[in-house]
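In this chain, numbering begins with 1 at the start of the sequence shown.
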Amino acid sequence: MTTEKVVLAYSGGLDTSVAIGWIGERTGADVIAVAVDVGQGGEDMATIRERALACGAVEAEVVDARAEFAETYCIGALRANALYMNKYPLVSALSIEFAAAKGLPIDVTARSPYSIDQNLWGRSCETGHLEDIWEAPHDDVWAYTADPSLPREPDELVLTFAAGVPIAIDGRRLTPLEIITELNQRAGAQGIGRIDMVEDRLVGIKSREIYEAPAAITLLTAHSELESVCVELDLARFKRGVEQRWTELVYDGLWFSPLKRALDVFIAEASVHVSGDVRVRLHGGQAVVTGRRSDASLYDYALATYDTGDTFDQSLSKGFIDLWGLPSKVAATRDRRVGG
């Protein structure tokens with residue numbers, strides 16, 4: 001009789017390493033582990049493959065998907081300005097706490113008792129002392145970022161975008177993978193992208209998570225600033241609501257849902273004119289925009305200036321104020337009348 005086979009998406013971390021043995025024990029099936037390289041770093045894929053086999057997989061395959069992950073998933077999150085609870089740039093993180101009891105070859109000990117997941121877009125860390133939400137993160141939590149309080153010279157760069165997609169650093173044309181990789185190094189060296197938060201899980205549980213996302217935070221900061229220059233008022237307001245819903249869908253694991261697919265179309269259309277340059281200063285744990293320019297800019301100096309020579313007709317203000325306030329004025333008159 002042929003033994004049933006189960007293909008497991010294998011990360012090399014706690015959850016899926018435990019899952020190999022668990023699936024085998026519960027189903028009697030042979031487990032084939034497929035590990036996808038999305039820029040995890042730390043360990044090479046050969047080591048992860050060996051771990052899968054050591055955990056009981058009958059076969060283990062590895063796939064280099066870093067470029068696809070950058071171009072499709074990271075850039076999708078960037079164009080959506082995806083920050084869950086306005087903080088977290090969607091770096092996946094889950095827990096399992098009993099790997100040591102199973103004898104699995106995972107680097108989780110009393111000295112380093114963390115569940116860690118990492119990829120090109122960032123790194124997450126949970127469990128251990130972090131489950132006490134009053135206790136500050138220990139220094140050994142951080143791996144992608146340097147201590148932001150240490151003295152160092154600022155690093156200033158110019159990011160170029162085309163239709164919401166980063167295409168160059170300081171005029172050097174690069175792929176999304178190359179841009180994210182370089183920014184992880186440069187922004188990480190300035191301590192940028194550290195996040196310590198208590199987040200709302202889908203099932204209602206609140207969980208403390210530590211994230212490091214130097215490239216993600218730098219790109220999101222620059223992209224959002226460029227949008228403020230290039231996207232029209234009503235479109236920008238509506239897009240902010242779309243961004244929140246898009247982020248919630250992805251956080252909840254619904255990347256392939258019809259709603260998320262439809263929102264992608266809207267975001268792509270809203271990003272058509274998001275092209276230009278953003279100058280960013282990296283220093284002291286912060287990515288600060290110091291300049292922005294675009295051929296598609298909606299900023300008009302002659303209209304915006306308070307100095308002499310402005311082209312805005314100030315006499316139009318009175319009529320606008322009268323019309324804009326008319327509904328409120330009528331309602332207030334009604335309230336006084338019916339309220340005595």
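A search for salt bridge (Lys or Arg N to Asp or Glu O under 4.0 Å) contacts involving R66 returns D37, D64, not counting sequence neighbours. In this structure, the salt bridge (Lys or Arg N to Asp or Glu O under 4.0 Å) partners of R245, at least two apart in sequence or on a different chain, are E248. Applying the side-chain contact (heavy atoms from CB on, under 4.5 Å) test to A162 and every residue at least two apart in sequence or in another chain returns I167, S275. In this structure Y73 satisfies the side-chain contact (heavy atoms from CB on, under 4.5 Å) test together with F69, W255, F256, sequence neighbours excluded. R79 pairs by the side-chain hydrogen bond (donor to acceptor under 3.5 Å, both in side chains) definition with nothing, not counting sequence neighbours. Remark: E227 pairs with N81, H223, V231, K239, E243, V274 by the side-chain contact (heavy atoms from CB on, under 4.5 Å) rule, at least two apart or across chains. Remark: A70 engages L120, P176, L177, I180 in a side-chain contact (heavy atoms from CB on, under 4.5 Å) (not counting sequence neighbours). Shown here are the side-chain hydrogen bond (donor to acceptor under 3.5 Å, both in side chains) partners of R208, two or more places apart in sequence or in another chain: D196. With sequence neighbours excluded, no residue satisfies ring pair (Phe, Tyr, Trp, His ring centres under 6.0 Å) with Y144. Scanning for side-chain hydrogen bond (donor to acceptor under 3.5 Å, both in side chains) contacts around R172 gives E182, with sequence neighbours left out. F266 pairs by the ring pair (Phe, Tyr, Trp, His ring centres under 6.0 Å) definition with F238, not counting sequence neighbours.
Closest approach of V165 and I75 over heavy atoms only: CG2-CG2, 3.8 Å. Counting all heavy atoms, side chain and backbone alike, H138 lies closest to H129 at N-NE2, 3.1 Å. What you find for A65 and V36 is that their closest heavy atoms are CB-CG1, 3.4 Å. Among all heavy-atom pairs drawn from A215 and L183, the shortest one is CB-CB, 3.7 Å. A287 approaches T221 most closely through the heavy-atom pair O-CG2, 3.5 Å. Contact detail for N184 and P214: the closest heavy-atom pair is OD1-CG, 3.5 Å.
A salt bridge is absent between K87 and E209: the closest approach of a Lys/Arg side-chain nitrogen to an acidic carboxylate oxygen does not fall below 4.0 angstrom.
Y84 places a side-chain N or O within 3.5 Å of a backbone atom of D200 that can act as its donor or acceptor partner.
Residues T145 and E212 have side chains that bring a donor and an acceptor to within less than 3.5 angstrom of each other. In this structure, a donor-acceptor pair under 3.5 Å is absent between the side chains of T290 and R281.
Looking at heavy atoms from C-beta onward, L90 lies in side-chain contact with T247 at the 4.5 angstrom threshold. Looking only at side-chain heavy atoms (C-beta outward), L263 and L249 come within less than 4.5 Å of each other. Residues I169 and R186 form a side-chain contact, since some pair of their non-hydrogen atoms from C-beta on lies under 4.5 Å apart. Counting only heavy atoms from C-beta outward, the side chains of L282 and L157 approach each other to under 4.5 Å. You'll find the side chain of V289 stays beyond 4.5 Å of the side chain of R279, heavy atoms only. Using a 4.5 Å heavy-atom threshold, the side chains of V38 and W121 count as separate.
Within a 6.0 Å sphere centred on CD of E178, other residues, nucleotides and ligands contribute more than 12 heavy atoms. Around atom CG of D139, no more than 12 heavy atoms belonging to other residues, nucleotides or ligands sit under 6.0 Å away. More than 12 heavy atoms of other residues, nucleotides or ligands sit less than 6.0 Å from atom CG of D322.
Here E50 contributes atom CD and C55 contributes atom SG; the two are 12.0 Å apart, rounded to the nearest 0.5 Å. Atom OH in Y211 sits 10.5 Å away from atom SG in C125 (nearest 0.5 Å). Taking CG of L78 as the reference point, atom CD1 of I179 lies at 10.0 Å (rounded to 0.5 Å). The distance from the SG atom of C230 to the CG atom of L235 is 11.5 Å, given to the nearest 0.5 Å. Remark: R152 CZ to H283 NE2 distance equals 8.0 Å, nearest 0.5 Å. One distance of note links CD of Q286 with CZ of R194; it measures 13.5 Å at 0.5 Å rounding.
Side-chain heavy atoms closer than 4.5 Å link hydrophobic residues (I, L, V, M, F, W, Y) into clusters, and following such links, even through other members, never connects V288 to V229. Under the 4.5 Å side-chain heavy-atom criterion for ILVMFWY residues, no single connected hydrophobic cluster contains both I195 and I133. Under the 4.5 Å side-chain heavy-atom criterion for ILVMFWY residues, a single connected hydrophobic cluster contains both Y251 and L259. Residues L174 and L220 fall within the same hydrophobic cluster, defined by Ile, Leu, Val, Met, Phe, Trp and Tyr side chains chained together at heavy-atom separations under 4.5 Å.
Among D170, L226, T160, L159, the one residue that satisfies the side-chain contact (heavy atoms from CB on, under 4.5 Å) test with D277 is T160.
Note on residues 259-271: pairs passing side-chain hydrogen bond (donor to acceptor under 3.5 Å, both in side chains), not counting sequence neighbours, are W246-D264, K260-D264.
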